[in-house]
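Below you'll find the structure, written out as structure tokens, and then a few comments.
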Amino acid sequence: MAKTVLVVDDSSTARKFVTFALRAQGLTVLTACDGLEALEKIAQTPVDLVITDLNMPKMDGICLVQALRSDPEYAHIPILVLSSLEDAELVSQSQQLGVQAYLTKPFDAQRLQYEVSKFIS
């Protein structure tokens with residue numbers, strides 16, 4: 001059975017590029033525009049990995065990570081950040097919250113696929 005990845009980004013272009021790269025790996029991809037929609041999708045469909053942007057309306061990526069890590073039902077899900085923000089403080093904060101990897105945009109599809117494969121076997 002194919003593994004499911006949730007891609008959370010307010011940019012439809014970014015969601016499309018990430019989705020294309022992940023589907024090439026044989027993964028099922030769900031998408032959400034912000035953290036609130038992501039939490040709704042996760043409640044409906046179990047996911048094996050979350051890839052989230054940080055800067056989004058309604059609920060940003062940091063708040064999404066905090067919500068997932070504070071809920072025992074979702075705390076085990078690996079999370080990758082994919083953001084245009086290259087701030088060392090954000091990278092550190094993300095790692096402290098339990099994010100497994102922090103990638104920056106623009107991203108290399110092969111690097112993304114490699115990072116995803118480390119958490120989805």
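Everything numeric in this text was worked out from a predicted model, so none of it was measured.
The hydrophobic cluster containing Val8 does not contain Val18, counting ILVMFWY residues as joined when their side-chain heavy atoms lie under 4.5 angstrom apart, directly or transitively. One hydrophobic cluster, built from ILVMFWY side chains closer than 4.5 Å, holds both Leu30 and Ile42. Hydrophobic cluster membership differs between Val50 and Phe119, with clusters built from Ile, Leu, Val, Met, Phe, Trp and Tyr side chains linked at under 4.5 angstrom. Hydrophobic cluster membership differs between Ile120 and Leu68, with clusters built from Ile, Leu, Val, Met, Phe, Trp and Tyr side chains linked at under 4.5 angstrom. Cluster membership for Tyr102 and Leu49, using ILVMFWY side-chain heavy atoms within less than 4.5 angstrom, is not shared.
Here the side chain of Gln25 pairs a donor or acceptor atom with the backbone of Gln113 at under 3.5 angstrom. A donor-acceptor pair under 3.5 Å is absent between the side-chain atoms of Arg15 and the main chain of Cys33, judged by distance alone. Using a distance-only test at 3.5 Å, with no hydrogens or angles considered, no donor-acceptor pair links the side chain of Glu115 to the main chain of Arg111. Under a 3.5 Å cut-off, the side chain of Ser117 and the backbone N or O of Tyr114 do form a donor-acceptor pair. A donor-acceptor contact shorter than 3.5 Å links the side chain of Gln100 to the backbone of Ile79.
The two atoms that bring Gln93 and Ile62 nearest to each other are NE2-CG2, 3.7 Å, heavy atoms only. Contact record, Ala32 with Ala38: CB-N, 3.6 Å, taken as the closest heavy-atom pair. Residues Thr28 and Ala2 approach most closely at OG1-CB, 3.5 Å, considering heavy atoms. Shown here for Ala75 and Arg69, the closest heavy-atom pair between the two residues is O-NH1, 2.7 Å. Residue Ser70 comes nearest to Ala67 through the heavy atom pair OG-O, 3.1 Å, listed as atom of the first residue, atom of the second, then distance.
The side-chain heavy atoms of Asp10 and Asp34, taken from C-beta on, include no pair separated by under 4.5 Å. Leu90 is listed as a side-chain neighbour of Leu54, based on a closest heavy-atom distance under 4.5 Å. Counting heavy atoms from C-beta on, the side chains of Leu6 and Ile51 never come closer than 4.5 Å. Using a 4.5 Å heavy-atom threshold, the side chains of Val47 and Lys41 count as separate. In this structure, the side chains of Leu82 and Asp53 stay at 4.5 Å or more apart for every pair of heavy atoms. Between Leu103 and Val81 there is no side-chain heavy-atom pair separated by less than 4.5 Å.
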- Assess whether side chain to side chain contact (heavy atoms under 4.5 Å, CB included) is satisfied between Val65 and Ser94, documenting all intermediate values. CA-CA 8 Å; Val65 171; Ser94 297; over 6 Å; no

- For side chain to side chain contact (heavy atoms under 4.5 Å, CB included), just list the numbers for Val116 and Leu22, CA-CA rounded to whole Å, side-chain angles, deciding distance to a tenth of an Å, and then say yes or no. CA-CA 8 Å; Val116 167; Leu22 298 178; 3.7 Å; yes

- Evaluate side chain to side chain contact (heavy atoms under 4.5 Å, CB included) for Asp60 paired with Asn55, printing each intermediate quantity in order. CA-CA 5 Å; Asp60 67 22; Asn55 196 11; 5.8 Å; no

- Task: For the pair Leu39 and Met59, evaluate side chain to side chain contact (heavy atoms under 4.5 Å, CB included) and give the outcome as yes or no after the intermediate values.
- Result: CA-CA 10 Å; Leu39 291 175; Met59 178 187 276; 3.7 Å; yes

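For the atom pair Leu64 CG and Thr52 OG1, the distance stands at 5.0 Å (nearest 0.5 Å). The CE atom of Met56 lies 10.0 Å from the CD atom of Glu37; values are rounded to the nearest 0.5 Å. A distance of 10.0 Å separates OG1 in Thr19 from CG in Asp9, rounded to the nearest 0.5 Å.
Other residues, nucleotides and ligands place no more than 12 heavy atoms under 6.0 Å from the NZ atom of Lys16. Atom CZ of Phe17 has 12 or fewer heavy atoms from other residues, nucleotides or ligands within 6.0 Å.
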